[in-house]
Novice: 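Mind having a look at this structure? Questions to follow.
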There are 2 protein chains.
Amino acid sequence: MGPTLHDVARLAGVSIKTVSNVIHDYPYVKDATRTRVQNAIDTLGYQPNLSARGLRSGRTGVIGLAVPALRENYFAELADAVIRAAESRGLSVLVEQTSGDRDAELRVLSGSRPRFLDGLLFSPVALGQDDAKFLEVPYPIVLLGERIFGGPTDHVTMHNTSAARAAVEHLIGIGRRRVAVVGASVTDTGTNSSTLRLRGYRQALEAAGIGFDPDLVRECAHWNRDGGAEATHRLIRDGVSFDAVFALNDSLGLGVLRALREEEIRVPEDVAVIGFDNIDEARFSVPSMSSVATKREELAEAAVALLTERFQEKEPRLPPRLVQPDFTIVARESTGTYSPTHADATPAGASQER
Amino acid sequence: MGPTLHDVARLAGVSIKTVSNVIHDYPYVKDATRTRVQNAIDTLGYQPNLSARGLRSGRTGVIGLAVPALRENYFAELADAVIRAAESRGLSVLVEQTSGDRDAELRVLSGSRPRFLDGLLFSPVALGQDDAKFLEVPYPIVLLGERIFGGPTDHVTMHNTSAARAAVEHLIGIGRRRVAVVGASVTDTGTNSSTLRLRGYRQALEAAGIGFDPDLVRECAHWNRDGGAEATHRLIRDGVSFDAVFALNDSLGLGVLRALREEEIRVPEDVAVIGFDNIDEARFSVPSMSSVATKREELAEAAVALLTERFQEKEPRLPPRLVQPDFTIVARESTGTYSPTHADATPAGASQER
DNA sequence: ATGAAAGCGCTAACAC
DNA sequence: GTGTTAGCGCTTTCAT
């Protein structure tokens, strides 16, 4: 074990309270004393014992971040941003993975780990609206994502519908009319990202006077590259004609690009593609992929800020707050306007290619 | 605060020691007592206070993982694997990011956080061989990577040289003779991944009787996609002829693919590409990218196992151990053997394309 | 097989 | 301004 407060106090010739005062920047300490204590701290290399501090004060300086899986780019980038935001507030982040498993998500909420975290940033994918009650726990939670709305906790989420609408409007703006959607959810709970983004899709079509064709909407069991690739192959196998794809997230979109290339369909000449989330990878795919960007730093910053406010606040508690960071459309090669004016004239589309 | 040991003891009508015995599966507890205690635990929803446990026992059940940045795919996948390995042992993982910054890496070692972690998995990139002394800390560390060898701690690293040699042999095996290397380190400390992999490169050339051409070896300040793309453009701008690229990691390799496409050089027809690490993304790039695969689960598993052994062991300590997981070459489209026998006959190469 | 009690290092209420 | 002191909840001798 390292040196303790007592060791420092002894060396400095003061009581532990004075040492504690110095450590916590208590203003009423004589400068001379402060210097003496600080020297003792330095020579001993004293580091506070966080377990003891946590036991006594109820605060550990550690927050939890529960996500489905770090190997999914979006969550890795989110975790990156969260850790940075936490660090700037002197907090550390304990990362848990749920694999998108319902039991694992419930375990995160009720396990023994939370009792030693100051708070939890929770991004569920298996829990749904009906599970809001499980968020009623005796420590602060900030909910991330679109699975549950109006729950008992603070919540950070995107402007899903309007962002999706903007994405599709971008496609329509470059002259596309047959916009496929990849990533519709199999089980539609009514409050998940898929539904919200799909709503934006329909709004954009409607505003442009384009009819809705259910054949263009493809489900994916998993929001990953495999799912996107597979859905695209199915779309083509079914002989559906399309000149654009709106992938409900970037991983799907990268799978779409991959599949289109396998089918020897040119992007964006034959089919334009836009994703959602603007993960780093979208900049480097071949072709680079347009996407809807949410400032992830902003999102992480907001989430950590909400959490810290909660564990600093006194009763009575503020009501749950909802924060929705802004978004922008990032146009890249996959929606490059190669002969956009001809897009209608030459009825390009995957079905032509087969 | 939740219920404590005392609450459970009172409800069960026993002492806290008995409750503690039940929790720790101490064998000499009457079955009847055990049941009674267990019921009390369940009805109260008792969860042990980890801060108190940590204070008393010196063990918190939390290990640290310090990596440069989670937004780098390789480290996200590593973190994923580490968290899984830790979870299977009942440990949680606190993730720290160093941004590859020397001061940040030193802070990880000496900060107050370590004093509350049971151990640390540390993947430095700024520290080097001369900094081995900083690893002499009073808690167990497992070093990851190739920056420091022969240090005072356990160490998990790849067979860099032989794996790199195998990668280059793969390229030679499909008929390539002008193999460029992307990612050589600017400042060569002699014990980093770059040097070791470069050594494998030279071994492979030598074994095949191919002369070493320093023009083919390109430096990159950063091992990311930008670095790989930039180095590739430079290579071509310099008019160097090459028919294959060995990217010292996959992020570089993906940048290489991107740049080759911008230069309208076909992969693998004109130039074959192989990376290193086999990140998930390599499977989905366009074209998919061959790579050197280290079983990351194995690596993570080994690292966590070494760490747990350390904090369970009694004095005297075992000497530092070195673990090097196996590797395999994963062949994908980027080294697809399109007319491999002609590779020599038709002196394909980037320089032809300009 | 179970209980009593000390104390891990720290914070904060209270004394002086 | 600084010191004293009582626990926070748990583990762990030592008794019984």
Side-chain angles (χ1 to χ4, degrees), chain A residues 1-38 40-41 44-62 112-118 138-139 311-312 314, chain B residues 1-38 40-41 44-62 112-118 138 311-312:
Chain A
M1 295 266 91
T4 73
L5 270 191
H6 286 96
D7 299 327
V8 177
R10 202 175 313 123
L11 180 59
V14 298
S15 80
I16 61 167
K17 180 66 217 299
T18 303
V19 180
S20 177
N21 281 342
V22 170
I23 290 169
H24 292 90
D25 287 324
Y26 182 70
Y28 305 117
V29 179
K30 267 206 298 239
D31 278 1
T33 317
R34 186 183 299 279
T35 319
R36 205 143 38 87
V37 169
Q38 192 54 57
I41 289 175
L44 290 176
Y46 168 78
Q47 309 273 22
N49 180 318
L50 298 186
S51 291
R53 180 178 286 177
L55 175 58
R56 184 62 242 224
S57 68
R59 292 270 309 272
T60 57
V62 180
S112 78
R113 205 52 66 179
R115 296 188 48 54
F116 121 117
L117 300 173
D118 288 346
Y139 53 89
F311 52 69
Q312 277 160 6
K314 308 276 167 250
Chain B
M1 297 265 92
T4 73
L5 269 191
H6 286 96
D7 299 328
V8 177
R10 202 175 313 123
L11 180 59
V14 299
S15 81
I16 60 168
K17 178 66 216 299
T18 304
V19 180
S20 178
N21 282 341
V22 170
I23 290 170
H24 292 92
D25 288 324
Y26 182 69
Y28 305 117
V29 179
K30 267 208 297 243
D31 277 1
T33 316
R34 185 182 300 280
T35 319
R36 207 142 36 86
V37 169
Q38 193 55 57
I41 288 175
L44 289 175
Y46 169 77
Q47 309 273 20
N49 179 318
L50 298 185
S51 290
R53 180 177 285 177
L55 174 57
R56 185 62 240 224
S57 67
R59 292 270 310 271
T60 57
V62 181
S112 78
R113 205 53 65 179
R115 297 190 46 53
F116 122 116
L117 300 173
D118 289 345
F311 52 69
Q312 275 159 8

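Small disclaimer: the values here were computed from a predicted structure and weren't measured. A, B, ... follow the sequence lines: proteins, then strands. Residue 1 opens every chain. Only this structure's heavy atoms are used, side chains among them; waters, hydrogens and symmetry mates stay out.
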Novice: Within the distance-only criterion (no hydrogens, no angle test), does the side chain of Ser57(A) pair as donor or acceptor with the backbone N or O of Arg53(A) below 3.5 angstrom?
Specialist: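 Confirmed, Ser57(A) side chain pairs with Arg53(A) backbone.
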Novice: Select one nucleotide: of dC8(D), dT2(C), dC10(C), the one nearest the side-chain heavy atoms of Leu55(A).
Specialist: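 Nearest to the side chain of Leu55(A) among the choices is dC8(D).
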Novice: Only one of Leu5(A), Asp7(A), Val8(A) forms a side-chain contact (heavy atoms from CB on, under 4.5 Å) with Ile41(A), so which one is it?
Specialist: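 With Ile41(A) as partner, side-chain contact (heavy atoms from CB on, under 4.5 Å) holds for just one option, Val8(A).
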Novice: With side chains defined as the heavy atoms from C-beta onward, is the minimum distance between Leu50(B) and Thr60(B) less than 4.5 Å?
Specialist: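 Sidechains of Thr60(B) and Leu50(B): no contact.
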Novice: Heavy-atom distance under 4.5 Å between the side chains of Arg10(B) and Val19(B), does that happen here?
Specialist: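 Result no, sub-4.5 Å side-chain heavy-atom pair not found.
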Novice: May I have the distance from Ile16(A) (atom CD1) to dA6(D) (atom C1'), rounded to whole angstrom?
Specialist: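 One finds 11 Å between C1' of dA6(D) and CD1 of Ile16(A), rounded.
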Novice: Take the protein atom OH of Tyr26(A) and the nucleotide atom C1' of dG1(D), then report the distance between them rounded to whole Å.
Specialist: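 Rounding to the nearest Å, OH of Tyr26(A) and C1' of dG1(D) are 8 Å apart.
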Novice: Take the protein atom CG of Asp25(B) and the nucleotide atom C1' of dT12(D), then report the distance between them rounded to whole Å.
Specialist: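 Rounded to whole Å, this separation is 17 Å.
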Novice: What are the two closest heavy atoms between Phe311(A) and Asp118(A), and how far apart are they?
Specialist: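 Heavy atoms only, the tightest pair is CD2-O, 3.2 Å.
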Novice: Contact class for Thr33(B) vs. all strands (heavy atom < 4.0 Å): base, sugar-phosphate, or nothing?
Specialist: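 Counting heavy atoms under 4.0 Å across all strands, the contact made by Thr33(B) is with sugar-phosphate only.
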Novice: Mind calculating the distance between CD1 (Ile41(A)) and C1' (dC10(C)) to the nearest angstrom?
Specialist: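 Taking CD1 of Ile41(A) and C1' of dC10(C), I get 14 Å after rounding.
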Novice: Between atom CD1 in Ile23(A) and atom C1' in dG9(C), what is the gap in whole Å?
Specialist: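 After rounding, the reported distance stands at 11 Å.
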Novice: From C-beta outward on Lys17(B), which listed nucleotide comes closest to its side chain: dA4(C), dT11(C), dG3(D)?
Specialist: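 Closest nucleotide among those given: dA4(C).
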Novice: Report the distance from atom NE2 of His6(B) to atom P of dG3(C), rounded to the nearest whole Å.
Specialist: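 Answer to the nearest Å: 12 Å.
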Novice: If you assign Leu5(A) and Ser15(B) each to the DNA chain C nucleotide with the nearest heavy atom, which residue ends up on the more 5' nucleotide?
Specialist: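 Looking at the nearest nucleotide for each, Ser15(B) comes out on the 5' side.
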Novice: Given atom CZ of Arg59(A) and atom C1' of dA12(C), what is their separation to the nearest angstrom?
Specialist: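 Distance check: Arg59(A) CZ to dA12(C) C1' gives 15 Å.
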Novice: Calculate the interatomic distance between Leu44(A) atom CG and dG9(C) atom P; express it in whole Å.
Specialist: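 Answer to the nearest Å: 14 Å.
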Novice: Can you tell me which nucleotide in dC10(C), dG9(D), dG3(C) comes closest to the side chain of Ala52(A)?
Specialist: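 Of dC10(C), dG9(D), dG3(C), dC10(C) is nearest to the side chain of Ala52(A).
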Novice: Using only side-chain N and O atoms of Tyr46(A), determine if any of them is under 4.0 Å from OP1 or OP2 of dC10(C).
Specialist: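 Yes, because at least one side-chain N or O of Tyr46(A) sits under 4.0 Å from OP1 or OP2 of dC10(C).
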Novice: Between dG9(D) and Arg56(B), counting only base atoms on the nucleotide and side-chain atoms on the residue, is there a donor-acceptor pair under 3.5 Å?
Specialist: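 A donor-acceptor contact between them is absent.
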Novice: Using a cut-off of less than 4.0 Å, is there contact between a side-chain N or O of Thr18(B) and OP1 or OP2 of dT2(C)?
Specialist: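 No, outside the criterion.
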Novice: Look at the side chain of Lys30(B) and decide which nucleotide, out of dT11(D), dA1(C), dT2(D), has an atom nearest to it.
Specialist: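 Looking only at side-chain atoms, Lys30(B) lies closest to dA1(C).
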Novice: Is any side-chain N or O of His24(B) closer than 4.0 Å to OP1 or OP2 of dT11(D)?
Specialist: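 Yes, within the criterion.
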Novice: For Ser51(A) and for Asn21(B), find the nucleotide of DNA chain C with the closest heavy atom, then tell me which residue's nucleotide is more 5'.
Specialist: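 Residue closer to the 5' terminus by nearest nucleotide: Asn21(B).
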Novice: Just to confirm, is there a sub-4.0 Å distance from OP1 or OP2 of dA12(C) to any side-chain nitrogen or oxygen of Ser20(A)?
Specialist: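 Answer no for this pair, as no side-chain N or O of Ser20(A) is under 4.0 Å from OP1 or OP2.
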Novice: Any heavy-atom pair between the side chains of Thr4(B) and Asn49(B) that's under 4.5 Å?
Specialist: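 No; the side chains remain at least 4.5 Å from each other.
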Novice: Examine dG9(D): is either OP1 or OP2 under 4.0 Å from a nitrogen or oxygen in the side chain of Thr4(B)? Give yes or no.
Specialist: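 It does not, given that no N or O in the side chain of Thr4(B) lies less than 4.0 Å from OP1 or OP2 of dG9(D).
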